[in-house]
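Comments concern the structure below.
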Amino acid sequence: MKRKIVILSILCVIFCTGCNPETGTMTCTMSSYPTDGITLKSTYTATYKENTVTKLKTVEQVIADDKDNLDVYKERIEELYQGYQNIKYYTNKTNILGDTLTSTTVINYNKVDTEKLIKVDSNNGNIIKNGKVNIDDLRKMYEQNGCNCKKRK
């Protein structure tokens, strides 16, 4: 009788742990110095479930010794994200505080219309497959662009 209970307990543990979907976050960071007096910092945080990205938050910063440059960067960033303005579950906000311009983008991939993202920029189709983004594809893309990525469960 004890043997059956032990076996049943082991099977229960195996099935219960096997049934829980793998979830976690991946954070990718990068810094660059395109010209004297300007530093670019990017942080990409992706939440995923079973290798499918559910949410992506991007924080991009421009730090400039000459604060007048920040207005030019802000205009360019706002132009870049203009096509995404009316897409639900996709937000982008920019602000300048001191010598730093911060652009924050949040995409809820569980709800956003991925076809609209591809329509705005066909390059989005490089990571969106069948309406979904695979965490490993996203990691590969960021690392090819010079980011350092780390996954946590």
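Remember, predicted model here, so these are calculated numbers, not experimental data.
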### Message
Once rounded to the nearest 0.5 Å, what's the spacing between atom CG of Asn123 and atom CG of Asp121?
### Response
4.5 Å
### Query
Side chains of Glu78 and Thr94: do they bring a donor and an acceptor to under 3.5 Å?
yes
### Message
Apply side-chain contact (heavy atoms from CB on, under 4.5 Å) to residues Val62 and Ile38 and explain how you reach the verdict.
### Response
CA-CA 7 Å; Val62 179; Ile38 295 179; 4.1 Å; yes
### Message
Please determine whether the number of non-hydrogen atoms from other residues, nucleotides or ligands lying under 6.0 Å from atom NZ of Lys140 exceeds 12.
### Response
no
## Note on the structure
One should read off an interatomic distance between Ser122 OG and Ile128 CD1, to the nearest 0.5 angstrom, of 11.0 Å
### Message
Grouping I, L, V, M, F, W and Y whenever their side-chain heavy atoms are under 4.5 Å apart, do Ile127 and Met30 come out in a common cluster?
### Response
no
### Summary
For residues 109-153, the disulfide (SG to SG under 2.5 Å) pairs (sequence neighbours left out) are Cys28-Cys149
#### Entry: Separation of Met26 CE from Ile135 CD1 (nearest 0.5 Å)
3.5 Å
### Message
Checking Thr27 against Lys150 for the side-chain contact (heavy atoms from CB on, under 4.5 Å) test, could you report, in this order, the C-alpha distance in whole Å, the side-chain angles of both residues, the deciding distance, and whether it holds?
### Response
CA-CA 5 Å; Thr27 302; Lys150 293 182 182 176; 5.6 Å; no
#### Entry: hydrophobic_cluster_shared for Leu138 and Val106, side chain cutoff 4.5 Å
no
### Message
Taking CG in Asn86 as the centre, count heavy atoms belonging to other residues, nucleotides or ligands within less than 6.0 Å. Is the count above 12?
### Response
no
### Query
Between atom OG1 of Thr104 and atom CD of Gln61, what is the distance when rounded to the nearest 0.5 Å?
8.0 Å
### Query
Is it true that a side-chain atom of Thr43 and a backbone atom of Thr29 form a donor plus acceptor pair closer than 3.5 Å?
no
### Between OG1 on residue Thr105 and CG on residue Leu80, distance to nearest 0.5 Å
8.5 Å
### Verdict with supporting geometry, Asn134 and Thr52, side-chain contact (heavy atoms from CB on, under 4.5 Å)
CA-CA 5 Å; Asn134 180 285; Thr52 299; over 6 Å; no
### Task
Any chance you could lay out the side-chain contact (heavy atoms from CB on, under 4.5 Å) test for Lys55 and Ile107, step after step, and finish with the verdict?
CA-CA 6 Å; Lys55 183 179 179 183; Ile107 307 168; over 6 Å; no
### Query
Should Val120 and Tyr109 be regarded as members of a common hydrophobic cluster, given that ILVMFWY residues are connected when their side-chain heavy atoms come within less than 4.5 Å of each other, either directly or indirectly?
yes
### Query
Shared ILVMFWY cluster between Ile87 and Leu56, side chains joined below 4.5 angstrom?
yes
### Query
Once you round to the nearest 0.5 Å, how far does CG of Asp36 lie from OG1 of Thr39?
10.0 Å
### Query
Does Lys93 make a cation-pi contact with Tyr81, if we ask for NZ or CZ under 6.0 Å from the ring centre and within 45° of the axis?
no
### Query
Crowded around Lys111 NZ? As in, over 12 foreign heavy atoms under 6.0 Å?
no
### Message
Under a 4.0 Å threshold between the charged nitrogen and the carboxylate oxygen, would Arg76 count as salt-bridged to Asp71?
### Response
no
### Message
Do Tyr48 and Tyr89 sit in one hydrophobic cluster, given that two such residues count as connected whenever their side-chain heavy atoms are within less than 4.5 Å of each other, even indirectly?
### Response
yes
### Query
Side chains of Asn92 and Ser103: donor-acceptor distance under 3.5 Å anywhere?
yes
### Message
Less than 4.0 angstrom from a charged side-chain N to a carboxylate O is my criterion; do Glu60 and Lys41 meet it?
### Response
no
### Task
Tell me, with the steps shown, if Lys151 and Asp136 meet salt bridge (charged side-chain N to carboxylate O under 4.0 Å, His left out).
CA-CA 10 Å; Lys151 274 182 161 179; Asp136 296 323; 3.0 Å; yes
### Task
Check whether any side-chain heavy atom of Val59 sits under 4.5 Å from a side-chain heavy atom of Thr102, and report yes or no.
yes
### Query
Do NZ/NE/NH1/NH2 and the carboxylate oxygens of Lys119 and Glu115 come within less than 4.0 Å?
no
## Note on the structure
Correct closest heavy-atom pair for Thr114 and Gly131 would be OG1-CA, 3.3 Å
### Message
Looking at Lys74, I want to see if its NZ is surrounded by more than 12 non-hydrogen atoms of other residues, nucleotides or ligands under 6.0 Å.
### Response
yes
### Sequence-distant partners of Tyr90, ring-ring contact (aromatic ring centres under 6.0 Å, His included), two or more places apart
Tyr84
